[in-house]
Number of protein chains: 2
Amino acid sequence: MQMGEGVEWALHSCLNLAWAEHQAVTARKLAAFYDLPPAYLNRQLQALARAGIVASTSGPRGGFRLARAPEEITLLDVVVAIEGGREAFRCQQIMRDGPGGRSDVDYRRHCLVSQAMSRAELAWRRELAAQTLADIRDSVEEKHPDAPRMARNRLAQPAR
Amino acid sequence: MQMGEGVEWALHSCLNLAWAEHQAVTARKLAAFYDLPPAYLNRQLQALARAGIVASTSGPRGGFRLARAPEEITLLDVVVAIEGGREAFRCQQIMRDGPGGRSDVDYRRHCLVSQAMSRAELAWRRELAAQTLADIRDSVEEKHPDAPRMARNRLAQPAR
DNA sequence: GACCTCATACTCGGATAGGGGCTGTCCGAGTGTTTATGG
DNA sequence: CCATAAACACTCGGACAGCCCCTATCCGAGTATGAGGTC
């Protein structure tokens, strides 16, 4: 069970977009920030756009910007946008083929194994939903007060 | 991010092994219980054996049995045995290539994004480690008191 | 000088190949059982 | 009848293909820009 690395890129890119404020930033510049493949990062940003986390603008002076305030974007929003909303543990309802298995029972809700796994996954989601992009941004700024300025500088430079 | 379905099979099989008590059960019988591919389930049981969760015996009258008491087997143990212990979110330390990135800093520990993701994953692990196989077994028996007898009956039958 | 038109360059967006890991299967090494045989 | 030994049948264990999703890339549709020409 491994998370796609696009999640990491998306989170850091969202953070940079938060520092860029309302300035639209191109995928190329965001990719150059961490030396990432521009086309592939673009793909992740598209997923964020479909989820309504970022807004995109085409043409010259176009790019991506946050569609909502950082306080209204949770880490769970970003993870779900990139990885999809389906649960990591998907109950295949194998108990239906076991002794005493009923076809009219939804074991995704009644199987106690499935319940236990879902409970753990819920704790994971709850923790992700409890932290917003603004929380991360503020924590970073507290440790590195000049991070916003450095980010804006880098994003202002032409992307090579 | 999706968990392998072998985890579900392993959990249910461990539960059946708990009801079989100290009787060795072959992979074929465990597979027949839920109509699963025997060879593939065997593969998962081998992983459990390598992790020390079950003990295996070759030859006639051989099979698998729990290596520890159900109270000493957590859901996390089973998940780690099948899926591996590496974290779902693996920090690639992309900040090293960003502005102000240092090569001598381990961003897996210092990057705040990575910390937030690890915190969520820790909550998930904690929840999984809090429930043992005995907890699940007892919960099932409470709802279906004849589950152990039915399981033992099915496991006693020759696997077709 | 102001306005309109057109060519331009730049951006996102979706469609298109390549690779790694999960899924599924097979056969061989090892072992306890059973059976036949000889004392 | 009992001991012995060999043949056997059954099990785990690891090695071998197939498929799907993530990774990576490319090119086209759309658009704001800027230049050039005209009034």
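Below, chains carry the letters A, B, ... as their sequence lines are ordered, and counting in each starts from 1.
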Enquirer: How many Å lie between CZ on Arg61(B) and C1' on dC8(D), as a whole number?
Expert: 17 Å
Enquirer: For DNA chain D, whose closest nucleotide is more 5', that of Thr57(A) or that of Gly4(A)?
Expert: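 Going by which nucleotide is closer to the 5' end, it is Gly4(A).
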Enquirer: Thr26(B) side chain: which of dG13(D), dT11(D), dC22(C) is closest?
Expert: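 Closest nucleotide to the Thr26(B) side chain: dT11(D).
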Enquirer: Which nucleotide sits closest to the side chain of Ser56(A): dC12(C), dA9(C), dC10(D)?
Expert: dC12(C)
Enquirer: Rounded to the nearest Å, what distance is computed from the CZ atom of residue Arg90(B) to the P atom of nucleotide dC22(D)?
Expert: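 Those two atoms, CZ and P, are 11 Å apart.
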Enquirer: Between Asp135(A) (side chain only) and Thr132(A) (backbone N and O only), is there a donor and an acceptor less than 3.5 Å apart?
Expert: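 Flag set: sc Asp135(A) to bb Thr132(A) pair under 3.5 Å.
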Enquirer: Pro60(A) or Pro38(A): which one's nearest nucleotide on DNA chain D is closer to the 5' end?
Expert: Pro38(A)
Enquirer: Atom CD1 in Ile136(A), atom CD in Gln115(B): separation rounded to 0.5 Å?
Expert: 8.5 Å
Enquirer: Could you state the atom-to-atom distance from CD1 of Ile82(A) to C1' of dA24(D) in whole Å?
Expert: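 Going from Ile82(A) (CD1) to dA24(D) (C1'), I get 15 Å.
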Enquirer: Between dG13(C), dT11(D), dT25(C), which nucleotide gets closest to the side-chain atoms of Arg28(B)?
Expert: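 From the listed options, dT11(D) comes nearest.
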Enquirer: Is the backbone N or O of Val140(A) less than 3.5 Å from a side-chain atom of His144(A), with the two atoms forming a donor-acceptor pair by type?
Expert: no
Enquirer: How close or far is atom P of dC12(D) from atom OH of Tyr40(B), stated in whole angstroms?
Expert: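 Checked: the OH to P distance equals 17 Å.
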Enquirer: Would you check if Lys29(A) and Asn16(A) make a side-chain contact, meaning some heavy-atom pair closer than 4.5 Å?
Expert: no
Enquirer: Using modelled atom types and a 3.5 Å cut-off, is there a donor and acceptor pairing between side-chain atoms of Tyr107(B) and backbone atoms of Arg102(B)?
Expert: yes
Enquirer: Just to be sure I understand the rule, does Glu5(A) reach a base, reach only the sugar-phosphate, or reach nothing, if contact means heavy atoms closer than 4.0 Å?
Expert: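 Since only primed, P, OP1 and OP2 atoms lie under 4.0 Å of Glu5(A), the category is sugar-phosphate.
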Enquirer: Tell me what Arg65(A) touches on the nucleic acid: a base, only sugar-phosphate, or nothing, going by heavy atoms under 4.0 Å.
Expert: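 Answer is nothing: Arg65(A) stays at 4.0 Å or more from every strand.
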Enquirer: Taking only the side-chain heavy atoms of Gln46(A) (C-beta and beyond), determine which of dC22(C), dG13(C), dT25(D) contains the nearest atom.
Expert: dG13(C)
Enquirer: With DNA chain C as reference, determine whether Gly63(A) or Gly6(B) sits nearer its 5' end, using the nearest nucleotide of each.
Expert: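 The 5'-side residue here is Gly63(A).
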Enquirer: Report the distance from atom CZ of Arg43(A) to atom C1' of dT16(C), rounded to the nearest whole Å.
Expert: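 The distance from CZ of Arg43(A) to C1' of dT16(C) comes to 10 Å, rounded to the nearest Å.
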Enquirer: Does Gln2(B) make a side-chain N or O approach to OP1 or OP2 of dC22(C) shorter than 4.0 Å?
Expert: no
Enquirer: Atom CZ of Arg50(B) to atom P of dG13(D): distance rounded to whole Å?
Expert: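 Those two atoms, CZ and P, are 9 Å apart.
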Enquirer: How many Å lie between CD on Gln44(A) and C1' on dG14(C), as a whole number?
Expert: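 Computing the Gln44(A):CD to dG14(C):C1' distance gives 14 Å.
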Enquirer: Between Asn42(B) and Glu83(B), name the one whose nearest nucleotide on DNA chain C is closer to the 5' end.
Expert: Glu83(B)
Enquirer: Between dT25(C) atom P and Leu41(B) atom CG, what is the distance in whole Å?
Expert: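 Rounded to whole Å, this separation is 12 Å.
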Enquirer: Report yes if at least one side-chain N or O of Ser58(B) is closer than 4.0 Å to OP1 or OP2 of dA29(C); otherwise report no.
Expert: no
